[in-house]
Peer 1: 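I'd like to ask you about the structure that follows.
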Amino acid sequence: MRSISYLHKMILFGILLSTLPILLAGIAAILYSMNQTELHRMQTNKQLLLHMQTSVEHKLNTISYMLDQATRSPITLQSLSATLPVTLTTANQLQSEFQHMRSWEPLMDITLVNEAQDWLVDHAGLYLNTDFPLALPMRDLLSKTLTSGWQLIPSSVFKHNEQDFPSGCNYHIVLGRSISLMNAPADSALIGGFPACSLHHSIVSESVDLDMSASELIIVNREQRILVHPDPMYIGQPLSAMNIEDIESKMDMSELLSPNTSAASKEYHEVRMADTEYSLTFAKTPLKGWTYILITPMNVLSQEYVEIGLYTLSVGVILLLLSILFVWLGSRRLHIPIRNLLSQLGITDRVLSNQKRQQSFFPPQNEFEQIKTHITQLSASRSQLEYKLNQYVLQTRTQYMISMLLGKCSPGMLHQNLIELGYRDHLIQWQQIAVLILKTDLASQTKYDHHDLDLLLFAVQNIVEESIDKDRQLLPIIVEQTVVTVIGSIDMDNSVFSNELYEITELLHHRVSEVLNLQLNIRFSQPYSSFSEIHLAYIEAMKLLQQQTIPGASVKQNEEASIYSSLWTLPYPESLEYRLMQSIRSADEAEASVLLQQLLQRVYHMEWTEEEYQVAFTRLLMHILQMMQESGIRLAQISSGHSPMINELLALQTAADIEQWFIHRIIRPVIGIFRERQYAQHQQISERMIAIIHQEYDTDLTLEECACRLHYNASYLSTVFSKETGYAFSEYLSQYRFKMARKWLDETELTIKDIAARLRYNNPQNFIRSFRKWEGITPGQYRERRQKPLRSSMK
């Protein structure tokens, strides 16, 4: 039986691998799309219901607002306050006002009822005495609307000879507002309403941009009477008359909306009405007790599911065909490198066919086994090449290290050459470097002689390379019968680095003594910060090694002297510097000048060299600039148009010049920026506090409440407010309250008791005493004194 080629295996495997994911993805896509479609439909219904609810609430609020405005209208109050029945002129004025209100809501009916004088006025006319229509229903309407809000009543209450409502609309949704005046009858009210069937038409017209083609809106009141329905015949009937049954709980919709049922918490239901299934979404308004219901036929969703399934199936078939095509083309394309590789290795189709013919005599090798054999040969050749290359790299590194120690490397090419040799991370991470030199002490040894020196140096070189981490040293080399290596540290502290060097020397002494039983003389240079100074460190370490006069001396004694002689300590006054930074942040120029003077005096008392003084002053400058950067101050704000600061500082010669330079060139401009920030912040805080006082002076306003709102400490706000306004918070609040009290006494007829209550005084006597304290007279005397000039001018 002929075996299947790898190309055919790849094609079959690719088809199988692509078919299964497409099949699973198609099923998952259908399920997910159906779920997302249902969720989208639910969200769409919720948004549509919310939009309709908002439109209805807006319409009701508009009518309620117009009724409230009409109850306070001077014409309305004048018509009710008259002792005689309303005149025809007043009725015409009322009708004009009602017509103006109807311009906002054309279908709204407005009626002003005065049962005491037995008359009413609406937009159509005036009705007196015996012309008073349907007195009993009107009284019931008044009692219900004034106590329960919006009501559904028969449209006959508003039907007069001049009115004509749409056919089939037999109910009105109305709201009443009582009118309370001292001389107005208690049974006077203003009633506004509109046909119930008009509400559905207005919602449909306002929602033309939304998908309402298959959805219907139903509104029921607290008593579950239908207020709005697409079919006017259902308006006024109970919700149970529609026979809406929940599919899951088998409950009627009227029972489902009852707050006692657990299903009432769900806003989405699947219901059945007249042998047709619908999706139902509802929302309740707790203020009016109305329930907004939106129903959509389920066949709309089923049609969408079928469309999704067909679309997913067609896409899956297309993807499957494309995947088969791509698998065939891709497999042939992927097989090309194998053919090329076999061709490069000399394995042709003729060779493979000959192996198949000889299958009965020898086990044939397939193309991958042939490739494996040749790769094994190439790997062996590569190992030999890598060994030779490593030897070459080692020789190159050794030669370059010798040139670098002797100072024969060009500074411009130093970093580039180190990177090429594999020391990129050392260049980036090392902050300090030092040269370590080890020399064997054969004078005190009887085991070794001078003929063994080369082998001993090679052994010491290997011990150094193995004992110290590669990320802490460069390649150890042998130079002039010594082992030399470069040690680096990521720490910038000289004392820490010197301690690390001492530990390394102790470790090397112990390892060499343990392995070779040989004493070493070890010396290292002081820390340097640049790779270009390695040759200087080498010269320094060689000098220390040449200065040794006691052969075989202990490493500890020699290295302690080397360590402590190379350390450079700088007792810098950090505490004074920290206090100086804080005074600059707080914009205290006087304290900053004093602290700067103290810090400079402390530095001048140190017995340092000129370079060490420059380092101290440069450190102070860098810390101030760092503080500026952390505070968001750009360097250009204080150095625009000047030469570099470091050059200016290093050019100064006397202590007085340095102090004046720091004050005038650095500290004073920075303090000015911080002071402007503080002033802007304090001004903004005080303005916001004043605005709160002006808006809420008639509440129990406190400083702590302002602090909570503005997210500041109360004591800090008190300090800022008094600094900006010159008044304490409570003092300013009292002044403003008494200012408003004087205004009310001058311009209004409010009693002193009412004014005291508005200004949050529990006892009017306390208000009178406080007013006398501020003004020198009582509120009554103030009002009387202010009104005397008015009376005299009227006379």
Peer 1: So which heavy atom on L518 is nearest to which on V512, and how close?
Peer 2: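 Closest pair (atom of L518, atom of V512, distance): O-CG1, 3.6 Å.
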
Peer 1: Main chain of D471, side chain of D469: is a donor-acceptor contact present, judged purely on distance under 3.5 Å?
Peer 2: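 Side chain of D469 to backbone of D471: no pair is present.
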
Peer 1: Considering non-hydrogen atoms only, spot the tightest contact between L436 and F524 and give its length.
Peer 2: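 The answer is CD1-CB, 3.6 Å.
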
Peer 1: For H415 and F531, take the angle between the two ring planes, folded into 0 to 90°, and tell me which bin it lands in: parallel under 30, tilted 30 to 60, perpendicular over 60.
Peer 2: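 H415 and F531: perpendicular rings.
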
Peer 1: Please round to the nearest 0.5 Å and tell me the distance separating atom CD1 of I15 and atom CG of L320.
Peer 2: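 The CG atom of L320 is 8.5 Å from CD1 of I15, to the nearest 0.5 Å.
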
Peer 1: Is there a donor-acceptor pair closer than 3.5 Å between any side-chain N or O of T485 and the backbone N or O of L474?
Peer 2: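 Yes: the side chain of T485 pairs with the backbone of L474.
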
Peer 1: Are side-chain heavy atoms of V484 and Y538 found at a separation under 4.5 Å?
Peer 2: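 Yes; the side chains approach each other to less than 4.5 Å.
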
Peer 1: Starting at CG of L580, measure out to CD1 of I624 and round the result to the nearest 0.5 Å.
Peer 2: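 Result: 5.5 Å between the selected atoms.
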
Peer 1: Taking the side chain as every heavy atom from C-beta outward, state whether E540 and V435 have any pair of such atoms under 4.5 Å apart.
Peer 2: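 No; the side chains remain at least 4.5 Å from each other.
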
Peer 1: Got D491 and Q431 here, is their nearest side-chain heavy-atom distance under 4.5 Å?
Peer 2: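 The answer is no; the side chains never approach within 4.5 Å.
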
Peer 1: Without hydrogens or angle criteria, can the side chains of S489 and Q432 be said to hold a donor-acceptor pair below 3.5 Å?
Peer 2: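 Looking only at side-chain atoms, Q432 and S489 do not form any donor-acceptor pair under 3.5 Å.
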
Peer 1: Taking all atoms of both residues into account, what is the closest heavy-atom pair of H426 and K470, and its distance?
Peer 2: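 For H426 and K470, the tightest heavy-atom pair comes out as NE2-O, 2.8 Å.
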
Peer 1: Could you walk me through whether T482 and L438 pass side-chain contact (heavy atoms from CB on, under 4.5 Å), step by step?
Peer 2: CA-CA 6 Å; T482 61; L438 302 90; over 6 Å; no

Peer 1: Within a 6.0 Å radius of atom CD1 on I490, are there more than 12 heavy atoms belonging to other residues, nucleotides or ligands?
Peer 2: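 No, CD1 of I490 has 12 or fewer neighbouring heavy atoms, counting only those of other groups under 6.0 Å.
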
Peer 1: Is it true that the side chains of E574 and Y578 contain a donor and an acceptor less than 3.5 Å apart?
Peer 2: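 The criterion, which ignores hydrogens and geometry beyond distance, is not satisfied for Y578 and E574.
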
Peer 1: Could you tell me the separation between the CG atom of L520 and the NE2 atom of H509, rounded to the nearest 0.5 Å?
Peer 2: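 L520 CG to H509 NE2: 8.0 Å, rounded to 0.5 Å.
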
Peer 1: Any non-hydrogen side-chain atom of V603 less than 4.5 Å from a side-chain atom of P573?
Peer 2: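 Yes, at least one pair of side-chain atoms sits under 4.5 Å.
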
Peer 1: Please give me the minimum heavy-atom distance between L507 and S467, naming the atom from each residue.
Peer 2: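 For L507 and S467, the tightest heavy-atom pair comes out as CD2-O, 3.9 Å.
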
Peer 1: Flag the pair R523 / K439 as yes when at least one side-chain heavy-atom distance between them is below 4.5 Å, and no otherwise.
Peer 2: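 No, their side chains stay 4.5 Å or more apart.
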
Peer 1: Walk me through whether N417 and E420 qualify under side-chain contact (heavy atoms from CB on, under 4.5 Å).
Peer 2: CA-CA 5 Å; N417 293 334; E420 292 177 355; 4.0 Å; yes

Peer 1: When you look at CD of Q598, are more than 12 heavy atoms from neighbouring residues, nucleotides or ligands closer to it than 6.0 Å?
Peer 2: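 Count over threshold, so yes.
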
Peer 1: Is the closest side-chain heavy-atom distance between W661 and L649 below 4.5 Å?
Peer 2: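 Of all side-chain heavy-atom pairs linking L649 with W661, at least one is under 4.5 Å.
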
Peer 1: How many angstroms lie between OH in Y423 and CH2 in W430, if you round to the nearest 0.5 Å?
Peer 2: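 CH2 of W430 is found 8.0 Å from OH of Y423.
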
Peer 1: Answer yes or no: are there more than 12 heavy-atom neighbours, outside R668 itself, under 6.0 Å from its atom CZ?
Peer 2: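 Result for CZ/R668: enclosed.
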
Peer 1: Determine, step by step, whether H623 and M581 satisfy the side-chain contact (heavy atoms from CB on, under 4.5 Å) criterion, reporting the C-alpha distance in whole Å, the side-chain angles of both residues, the deciding distance to 0.1 Å, and the verdict.
Peer 2: CA-CA 9 Å; H623 287 182; M581 298 297 177; 3.4 Å; yes

Peer 1: Is the backbone of L16 close enough, under 3.5 Å, to the side chain of T19 for a donor and an acceptor to pair up by distance?
Peer 2: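 Here the side-chain-to-backbone pair does not exist.
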
Peer 1: Could you check V464 against L508 for side-chain contact (heavy atoms from CB on, under 4.5 Å), going step by step and ending with a plain yes or no?
Peer 2: CA-CA 7 Å; V464 172; L508 294 177; 4.0 Å; yes

Peer 1: Calculate, to the nearest 0.5 Å, the distance between atoms CD and CD1 belonging to Q582 and I584 respectively.
Peer 2: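 Here the rounded value is 10.0 Å.
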
Peer 1: Would you say CE of M622 has more than 12 non-hydrogen atoms from neighbouring residues, nucleotides or ligands within 6.0 angstrom?
Peer 2: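 Counting neighbours around CE of M622, more than 12 heavy atoms of other residues, nucleotides or ligands fall under 6.0 Å, so yes.
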
Peer 1: If you compare all heavy atoms of P476 against all heavy atoms of V483, which two are closest, and at what distance to 0.1 Å?
Peer 2: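 Heavy atoms of P476 and V483 come nearest at CB-CG1, 4.4 Å.
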
Peer 1: Are Q473 and V486 side-chain neighbours, meaning at least one heavy-atom pair lies under 4.5 Å?
Peer 2: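 A side-chain contact under 4.5 Å is absent here.
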
Peer 1: To the nearest 0.5 Å, what is the distance between CD (Q481) and CG (L457)?
Peer 2: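 Between Q481 CD and L457 CG, I get 7.0 Å after rounding to 0.5 Å.
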
Peer 1: Indicate the atoms forming the closest heavy-atom contact of M401 with I477, along with that distance.
Peer 2: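 Answer, listing the atom of M401 first, then I477: CB-CD1, 3.6 Å.
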
Peer 1: Quick one: does L621's side chain get under 4.5 Å of I666's, heavy atoms only?
Peer 2: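 L621 vs I666: side chains touch.
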
